[in-house]
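So the structure is just underneath, and the comments pick up after that.
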Amino acid sequence: MTSAIRIYARRIEGIGEADLAAERALLDAAERERAKRFVFESGRVEYIAAHALVRRALAEELDADPRDFRFVEGAYGKPTAWLGAGAAPVSFNLSHTRGMVAVGVALDGIALGVDVENGSRKVDLSIADSYFAPPELDWLRSHGDADQGGAFMTLWTLKEAFIKATGKGLSEELDRFWFAEPSARPIRIGFAPELTEDAGHWGFEHRVLAGDYHLSVGWRGSGRVEWRDMPA
Ligand SMILES: CC(C)(COP(=O)(O)OP(=O)(O)OC[C@H]1O[C@@H](n2cnc3c(N)ncnc32)[C@H](O)[C@@H]1OP(=O)(O)O)[C@@H](O)C(=O)NCCC(=O)NCCS
């Protein structure tokens, strides 16, 4: 059985905190407290928009009230959604960057990770040596100067999508898995033998949204991605 993995993304450029009253009303007391702790308005906007988007996406998936979910963190901090007394039968992952928030949701126990990055962010490409595996560095260097920024963001978001899907974050060693040819479709992951993962069980997609936002999603299981617009 192939399960739908629905991706919702929302642009938040030019949005202020005052524009998010309806979203704020969906958050629980702990989320509102966390939002308040951001010194800059941009941080508060990103947080409120992202966490409201999660609630609305989960509610749409399960036909529930967005305010009824609560969140429980796993061993490495990856949150799962709960509804009433039990874990909600849905997995999700959230990502935010300056100007965009995105969430993926899936049923059927699919593990998924989502990463969105603002491609206009200035990045020192020399950090690639510390984060990417040799086949990824070869792919990156096969691009001309003008395309290296986009290639870097493609690899970065794909690697993040994997470590967010497993939930292990940076405790996953970054050179033990790689994307040797991210321009090919489908996108395939490779694993070092000591990682007990089967590459055939993994799927990945990468897209550039609204000109400059790189979004990657990775999942373990049989899935197909559906891209959704969440009304503002
Ligand atoms: C959370 C983590 C996994 C991703 O962080 P990030 O890219 O800065 O942030 P994103 O916006 O994509 O994701 C943040 C959201 O992921 C979720 N999250 C938190 N811990 C997570 C984990 N272990 N696994 C999956 N999702 C997690 C939360 O919903 C979080 O939202 P919140 O902070 O508003 O509650 C971070 O711990 C991490 O490992 N960052 C690695 C950065 C890096 O050097 N990557 C190298 C890639 S080559």
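From a predicted model like this one, the values you see are computed outputs, not experimental measurements. Atoms within a ligand are numbered from 1 in the order they appear, just like the ligands themselves.
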Answer whether the closest heavy-atom distance between the side chains of [X] and [Y] falls below 4.5 Å.
X      : Y      : answer
Trp139 : His143 : yes
Val45  : Phe38  : no
Tyr47  : Arg34  : yes

Closest approach of any protein heavy atom to [atom], naming residue and atom:
atom                    : value
atom 37 (O) of ligand 1 : Gly169 CA, 4.9 Å
atom 33 (O) of ligand 1 : Arg34 NH2, 3.2 Å
atom 19 (C) of ligand 1 : Gly77 O, 3.4 Å
atom 44 (O) of ligand 1 : Tyr131 CE2, 3.4 Å
atom 17 (C) of ligand 1 : Pro79 CD, 3.8 Å
atom 10 (P) of ligand 1 : Lys164 NZ, 3.5 Å
atom 15 (C) of ligand 1 : Leu94 O, 3.4 Å
atom 43 (C) of ligand 1 : Glu160 OE2, 3.1 Å

For Glu31, the option from Arg24, Lys36, Arg55 that meets side-chain hydrogen bond (donor to acceptor under 3.5 Å, both in side chains):
Arg55

Closest to atom 39 (O) of ligand 1 among Val54, Thr166, Thr157, Leu170 (heavy-atom distance):
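Ranked by closest heavy atom to atom 39 (O) of ligand 1, first place is Leu170.
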
Under 4.0 Å from [atom], do we find at least one protein heavy atom?
atom                    : value
atom 22 (C) of ligand 1 : yes
atom 47 (C) of ligand 1 : yes
atom 30 (C) of ligand 1 : no

Test: salt bridge (charged side-chain N to carboxylate O under 4.0 Å, His left out). Region: residues 121-132. Which pairs qualify, not counting sequence neighbours?
Glu117-Arg121, Asp129-Arg141

Where does the angle between the aromatic ring planes of [X] and [Y] fall among parallel (under 30°), tilted (30 to 60°) and perpendicular (over 60°)?
X      : Y      : answer
Phe162 : Trp202 : perpendicular
Trp156 : Phe152 : parallel
Phe92  : Phe71  : perpendicular
His51  : His96  : tilted

[X] versus ligand 1: do any nitrogen or oxygen atoms come within less than 3.5 Å of each other?
X      : value
Gly167 : yes
Lys159 : no
His96  : yes
Trp156 : no

With a heavy-atom distance limit of 4.0 Å, tell me whether [X] approaches ligand 1 through its side chain, its backbone, both, or neither.
X      : value
His51  : side chain
Asp115 : side chain
Leu155 : neither

Would you say Arg32 has more than 12 foreign heavy atoms packed within less than 6.0 Å of its CZ?
yes

Check step by step if salt bridge (Lys or Arg N to Asp or Glu O under 4.0 Å) holds for Lys159 and Glu136.
CA-CA 10 Å; Lys159 286 182 86 74; Glu136 295 171 328; 2.9 Å; yes

Please tell me whether Thr157 and Asp115 have a donor and an acceptor in their side chains that are separated by less than 3.5 angstrom.
no

